[in-house]
2 protein chains.
Amino acid sequence: MTHLSPLGRPLRPSGKLLQEDTRRHHRALLLQRLFRDGPASRADLARTTGLTRVTVSELVGTMVADGLVEELGAPVESRVGKPPTLVGVAAESTHIVSLDLSPDDRLTGAVVNLAGHVVARHERPLAGRKGAEATALVHELADELLAMTSRPVLGIGVGSPGVVDALGTVLDAPNLGWHGTPLADGLREHTGLPVLVANDANTAALGEHSFGHAQGGGLMVLRVGTGVGAGLILEGTLLHGHRAAAGEIGHVVVDPRGEACACGRTGCLETLLAVPHLRRRLAASSSRTRVLADTGRRLGAALAPVVGTLNLHELVLSGPVDLLDGPLRDAVESTIRRRTMPVIGDELVVRTSTLGDDVVLVGAAVLVLAGELGVS
Amino acid sequence: MTHLSPLGRPLRPSGKLLQEDTRRHHRALLLQRLFRDGPASRADLARTTGLTRVTVSELVGTMVADGLVEELGAPVESRVGKPPTLVGVAAESTHIVSLDLSPDDRLTGAVVNLAGHVVARHERPLAGRKGAEATALVHELADELLAMTSRPVLGIGVGSPGVVDALGTVLDAPNLGWHGTPLADGLREHTGLPVLVANDANTAALGEHSFGHAQGGGLMVLRVGTGVGAGLILEGTLLHGHRAAAGEIGHVVVDPRGEACACGRTGCLETLLAVPHLRRRLAASSSRTRVLADTGRRLGAALAPVVGTLNLHELVLSGPVDLLDGPLRDAVESTIRRRTMPVIGDELVVRTSTLGDDVVLVGAAVLVLAGELGVS
DNA sequence: TTTGTTAGTTCAGCGGACTAACAAACCTCT
DNA sequence: AGAGGTTTGTTAGTCCGCTGAACTAACAAA
């Protein structure tokens with residue numbers, strides 16, 4: 001079944017399309033252009049979108065009224081005819097509150113502007129809190145972040161560890177003691193704002209895709225920390241998977257004769273790649289490079305079928321750069337190249353994240369941008 | 001960038017949405033219901049789609065005028081109120097011509113009705129033809145199939161080997177000597193009908209998804225023949241990949257110490273799984289079961305990262321049932337289960353195709369149904 | 001100053017979906 | 001049998017959003 005989702009809002013359940021949806025779609029289309037290509041004149045927007053100048057003018061009008069977009073005056077260079085009035089996204093007009101719940105000792109958050117830049121940060125130590133106490137701490141953190149901005153807040157985006165469904169319910173996050181916890185609903189009720197929740201690796205993928213100079217084409221972000229998880233953007237959209245568990249690659253067995261894993265099985269990717277394990281192996285070995293390259297080769301071997309099957313364009317490694325960039329990255333790249341067809345391997349880009357530790361926060365903001373404005 | 005594709009037609013390049021598109025979307029929405037759930041009354045359709053009875057009546061009117069849908073009278077059971085008039089898809093009102101170019105010795109084709117049933121078949125031996133000669137043969141086969149039906153033809157769907165881009169240009173198909181051949185354009189010009197071309201494994205996935213009792217949720221169809229290829233339906237849509245090479249899994253290296261492959265590398269999946277190789281190994285061994293189970297285990301090991309990363313729901317094996325069903329399938333299933341998390345592995349269904357050798361033909365028809373009517 | 005060009009606005013019209021209201025056809029209850 | 005209630009599908013009129021055509025504004029070049 002083909003899904004039609006008007007930019008800006010999730011599709012109404014029935015699938016029917018109102019004129020209102022058309023309007024929101026076009027509004028989002030204009031915003032998209034402005035986000036992606038920077039300021040432009042109304043006439044320019046009309047040309048690139050195919051809408052008439054009339055429609056564009058009217059839509060820009062509503063966006064200016066909302067404060068989302070502002071007039072910037074005429075451009076410097078002058079051509080023949082009446083000089084255009086540039087309009088552009090007013091990045092500071094509206095803020096987004098982002099939460100990153102993935103570190104295991106604390107909850108971090110930020111105020112992010114429409115350009116995806118962090119304008120303020122705040123965090124609270126988790127101190128072992130779980131279940132309802134952890135939820136309460138999330139609410140507190142959100143409140144404190146909301147108090148840190150005087151601008152209207154578009155919504156709250158959350159990157160949470162564990163499996164998160166499309167409605168923002170955390171189905172399973174052992175670290176936080178959440179099982180079927182309706183995080184989005186609770187936070188929405190608490191704050192009265194739109195709330196969007198996704199798995200941290202998934203938000204990282206969104207962040208990298210929209211603000212990390214991604215090239216377009218399939219993107220996979222592999223997050224390496226205490227655990228290992230991935231997020232995938234395929235055909236321009238985030239992959240959720242059958243049970244919302246897409247990207248849960250940490251407990252895929254890559255070496256049946258490997259180390260025992262906390263999950264009960266043997267040789268999970270996490271036992272190979274998770275930071276504690278990797279650091280331990282590094283400490284025990286004389287050759288740092290050999291350990292890293294060896295790890296990269298095994299990782300590459302596990303990812304080659306994925307890259308080949310999906311014809312991915314970019315593989316982004318996110319985590320401690322001292323471990324991931326260098327021999328490990330090189331080995332991953334060369335191994336995947338060696339193990340896939342030229343059409344696929346030659347085009348593949350393997351790199352570390354350009355957003356660093358902020359990927360999840362920025363990605364959570366993208367979640368809100370996409371959900372509320374239809375921009376991504 | 002979020003893509004909006006109104007059911008029925010590819011999005012106009014700009015991304016703008018006309019009222020016309022809304023109408024087509026709603027028409028497709030109704031057709032979808034009728035295809036999926038069978039006949040229904042106008043009032044029923046209105047309830048399930050959320051459109052008003054007025055709008056539904058009008059839309060049904062146009063579809064009846066087109067002959068696509070027919071009135072079926074009142075249902076047997078009678079409830080209170082005026083009895084409804086059921087309307088249903090007129091499966092034989094329109095035909096689709098499907099071509100399967102994947103066998104390496106011949107080109108096969110069929111006339112398919114709207115219900116996905118093959119109503120006539122025809123084939124032509126390839127006799128080593130390549131390049132322009134092969135293209136000419138495709139045209140001939142299409143003409144002959146078109147002559148076999150007196151009903152209006154909705155379009156021509158083609159499942160071709162090799163890498164095929166979204167516009168129906170065959171980028172690379174060594175067997176047929178095609179490199180950058182605009183197959184869809186040529187056939188469209190030749191016949192004057194809408195033509196849609198995709199990779200054979202991709203059309204197979206479409207066929208299995210729409211008419212193979214697929215469960216919904218991520219689906220991967222692995223086609224095993226002279227070569228090995230896959231097609232994936234993720235989040236309800238066909239995956240194309242960065243260079244239209246998604247599913248090209250045959251030349252992913254699964255065993256660096258394996259057999260030499262025709263492609264120049266060593267231990268490609270094809271050397272493990274392609275029918276000629278597999279039959280040869282079976283002939284050389286005393287234990288058929290051991291060879292098949294061993295092959296299944298290796299295949300499972302290669303696919304586990306894919307299944308785990310994508311959180312697939314169904315894995316369908318398509319090809320010679322005597323090889324694929326039984327020990328091989330069992331070993332694939334158990335290996336993947338053992339190598340993935342319970343959330344993922346427990347939900348996975350591994351099975352052989354329900355459509356048998358017709359998957360590609362039926363899938364090519366789905367390509368047309370999806371492209372022309374927005375049904376899938 | 002005139003001419004040509006480009007930007008942005010006003011206005012009438014059209015397409016498509018919606019609401020309201022109704023006739024037809026059936027049930028059920030007295 | 002007849003009255004009243006229900007459900008279907010149609011007709012009539014309204015609203016909303018986009019369009020094309022025409023207009024005003026503002027500039028460069030000649």
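Convention: sequence-line order gives letters A, B, ...; per-chain numbering from 1. On a predicted model such as this, the values are computed, not experimentally measured, just so you know.
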Is there a donor-acceptor pair under 3.5 Å between the side chain of B:T48 and the backbone N or O of B:L45?
-> yes
For D:dT6, which nucleotide in any strand shown is its Watson-Crick or wobble partner with both distances under 3.5 Å?
-> C:dA25
Check: C:dG15 base within 3.5 Å donor-acceptor of B:Q19 side chain = yes
Write out all pairs satisfying salt bridge (Lys or Arg N to Asp or Glu O under 4.0 Å) with one or both partners inside residues 206-216 of chain A, taking only residues at least two apart or from two chains.
-> A:E208-A:R351
So what does B:R53 touch, heavy atoms closer than 4.0 Å: a base, only the sugar-phosphate, or nothing?
-> base
So, A:E235 side chain and B:H240 main chain: donor-acceptor pair closer than 3.5 Å or not?
-> yes
Name the nucleic acid region contacted by B:R47, choosing base, sugar-phosphate or nothing; use a 4.0 angstrom heavy-atom cut-off, strictly under.
-> sugar-phosphate
For DNA chain D, note the earliest and the latest nucleotide, 5' to 3', having some atom under 4.0 Å of a heavy atom belonging to chain B.
-> D:dT6 to D:dT19
Can you name the nearest heavy-atom pair linking A:E372 to A:P194, along with the distance?
-> OE2-CB, 3.5 Å
Closest nucleotide among C:dG8, C:dT10, C:dA17 to the B:R23 side chain | C:dA17
Is B:T52 near enough to C:dC18 that one of its side-chain N or O atoms lies under 4.0 angstrom from OP1 or OP2?
-> yes
Charged N to carboxylate O under 4.0 angstrom, A:D66 versus A:R27?
-> yes
Which atom of B:L187 lies closest to which atom of B:I156, heavy atoms considered | CD2-CG2, 4.0 Å
Distance in angstrom units between A:E71 CD and C:dA7 P, rounded = 15 Å
Short question: side chain of B:N311, backbone of A:H242 - any donor-acceptor pair under 3.5 Å?
-> yes
For D:dA28, what is the paired nucleotide under Watson-Crick or G-U wobble rules, both distances under 3.5 Å?
-> C:dT3
Rounded to the Å, how far apart are A:R42 CZ and C:dT9 C1'?
-> 10 Å
Find which nucleotide of DNA chain D each of A:K82 and A:E58 is nearest to by heavy atoms, and output the residue with the more 5' nucleotide.
-> A:E58
Separation of A:L51 atom CG from C:dG8 atom P, in whole Å?
-> 15 Å
Touch check for B:V56, heavy atoms < 4.0 angstrom, all strands: base, sugar-phosphate only, or nothing?
-> nothing
